[in-house]
Amino acid sequence: MKERTFLNIINPFKDKIYRLALRLLTSKEAAQDATQDVIIKLWNQQDKINDYANIEAFAMTVTKNYCYDQLKLKQNNNLRIVHTNYDNNEISGQRQLELKDEMQWINEILKSLPEQQQVIFQLRDVEQYEFEEICKIMKMKNTAVRVALSRARKKIKESLIKQHSYGIG
């Protein structure tokens, strides 16, 4: 396989690999390194890549496993979630501050969830993966994925409602 053909296969979901790595490793630098390492792993297995029915799902599985391995190796206790909002000049300063606070609350809530729920939430609600793809990536049954996602969403919703209603009533 030529380099250009390989890049044409990988480029459409390269950003998804990065976002999943960022969710798991919580450091931009570690996520960038992970993305590069995963792409290199895929390149090294290019002769087998066409054997997979869904190359994107395979790449996400490789990313998940790579990140778990990195977390085990380095015991990344010094990493923390840092997300930035995209700059949008049309949003007022007050609204930007509110969105930033909301993202911080959501990130804190996500950190309190079990890791499996965090990953499933990321794959489904952020990356917009189908349930069957998530099942393959997570090596779980459809019902287990749906239950985990439902629990994650419920916890996020309850925590946000509690946060927003604090001091009212």
Side-chain angles (χ1 to χ4, degrees), residues 12-38 56-57 59-169:
F13 52 87
K14 172 177 67 175
D15 291 340
K16 290 181 180 181
I17 291 172
Y18 171 76
R19 287 190 299 268
L20 178 60
L22 182 62
R23 171 63 59 203
L24 292 172
L25 300 176
T26 66
S27 160
K28 288 181 181 180
E29 293 80 15
Q32 289 168 347
D33 291 345
T35 302
Q36 289 176 350
D37 288 346
V38 166
E56 182 176 340
M60 297 306 283
T61 301
V62 171
T63 303
K64 177 193 69 153
N65 292 337
Y66 177 87
C67 291
Y68 284 162
D69 289 344
Q70 291 302 303
L71 290 168
K72 287 177 193 171
L73 286 173
K74 296 180 182 174
Q75 298 295 319
N76 282 327
N77 294 331
N78 60 331
L79 299 178
R80 57 188 170 83
I81 293 181
V82 178
H83 288 278
T84 57
N85 291 329
Y86 295 100
D87 290 333
N88 185 344
N89 296 333
E90 297 175 17
I91 298 176
S92 71
Q94 176 67 25
R95 183 67 183 137
Q96 282 182 330
L97 185 59
E98 290 171 1
L99 288 172
K100 184 177 179 182
D101 285 346
E102 193 80 11
M103 285 303 298
Q104 287 175 339
W105 290 335
I106 291 171
N107 283 326
E108 289 301 315
I109 296 165
L110 282 172
K111 284 197 296 191
S112 73
L113 295 176
E115 191 171 293
Q116 184 181 68
Q117 288 180 12
Q118 291 179 33
V119 173
I120 291 171
F121 179 82
Q122 173 79 21
L123 291 173
R124 179 65 183 162
D125 289 346
V126 178
E127 303 298 338
Q128 302 291 305
Y129 275 85
E130 297 297 325
F131 281 104
E132 60 228 20
E133 294 173 311
I134 298 170
C135 292
K136 288 177 187 174
I137 292 168
M138 298 299 294
K139 296 180 182 159
M140 295 171 60
K141 293 185 179 181
N142 192 328
T143 53
V145 169
R146 290 180 184 274
V147 167
L149 180 61
S150 175
R151 288 180 180 161
R153 287 174 175 166
K154 182 178 179 184
K155 174 70 174 172
I156 291 167
K157 179 182 174 184
E158 288 172 352
S159 297
L160 285 174
I161 290 171
K162 183 178 177 181
Q163 182 71 30
H164 285 292
S165 64
Y166 179 74
I168 300 174

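Remember, it's a predicted structure, so these values are computed and weren't measured experimentally.
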**OP:** Determine the sole option in Leu24, Val119, Val62, Leu20 for which the side-chain contact (heavy atoms from CB on, under 4.5 Å) test with Cys67 is passed.
**Re:** Leu24
Subject >> Point-to-point distance, once rounded to the nearest 0.5 Å, from CG of Leu22 to CD of Glu29 >> reply: 10.0 Å
Original post:
Quick one: does Arg153's side chain get under 4.5 Å of Lys157's, heavy atoms only?
Top reply: no
Subject >> Non-hydrogen atoms of Leu160 and Glu102 that approach each other most closely >> reply: CD2-OE2, 3.5 Å
Original post:
Thinking salt bridges, do Lys111 and Glu108 make one under a 4.0 Å N-O criterion?
Top reply: yes
Subject >> ring-ring contact (aromatic ring centres under 6.0 Å, His included) pairs, two or more places apart, involving residues 102-123 >> reply: Trp105-His164
**OP:** Scan Glu56, Lys16, Arg124 and name whichever one has a side chain to side chain donor-acceptor pair (under 3.5 Å) with Tyr129.
**Re:** Glu56
**OP:** Determine, stepwise, if the pair Gln70 / Leu25 fulfils side-chain contact (heavy atoms from CB on, under 4.5 Å).
**Re:** CA-CA 8 Å; Gln70 291 302 303; Leu25 300 176; 4.2 Å; yes
Original post:
Would you say Ser112's side chain and Ile109's backbone share a donor-acceptor pair under 3.5 angstrom?
Top reply: yes
Original post:
Checking side-chain contact (heavy atoms from CB on, under 4.5 Å) for the pair Glu132/Asn142: CA distance, chi angles, key distance, verdict?
Top reply: CA-CA 7 Å; Glu132 60 228 20; Asn142 192 328; 6.0 Å; no
**OP:** Give a yes or no on whether the backbone of Cys135 and the side-chain of Lys141 come within a donor-acceptor separation of less than 3.5 Å.
**Re:** no
**OP:** Enter the distance from Leu149:CG to Gln116:CD here, rounded to the nearest 0.5 Å.
**Re:** 11.5 Å
Original post:
Does Gln118 use its side chain to pair, donor to acceptor, with the backbone of Leu113 at less than 3.5 Å?
Top reply: yes
**OP:** Taking Ser150 for its side chain and Arg146 for its backbone only, find out whether a donor-acceptor pair lies under 3.5 Å.
**Re:** no
Subject >> CZ/Arg151: more than 12 non-hydrogen atoms of other groups inside 6.0 Å >> reply: no
**OP:** I would like to know whether Tyr18 and Arg23 meet side-chain contact (heavy atoms from CB on, under 4.5 Å); could you show each step before the answer?
**Re:** CA-CA 9 Å; Tyr18 171 76; Arg23 171 63 59 203; over 6 Å; no
**OP:** Given side-chain contact (heavy atoms from CB on, under 4.5 Å), test Glu133 with Met60 step by step and report yes or no.
**Re:** CA-CA 9 Å; Glu133 294 173 311; Met60 297 306 283; over 6 Å; no
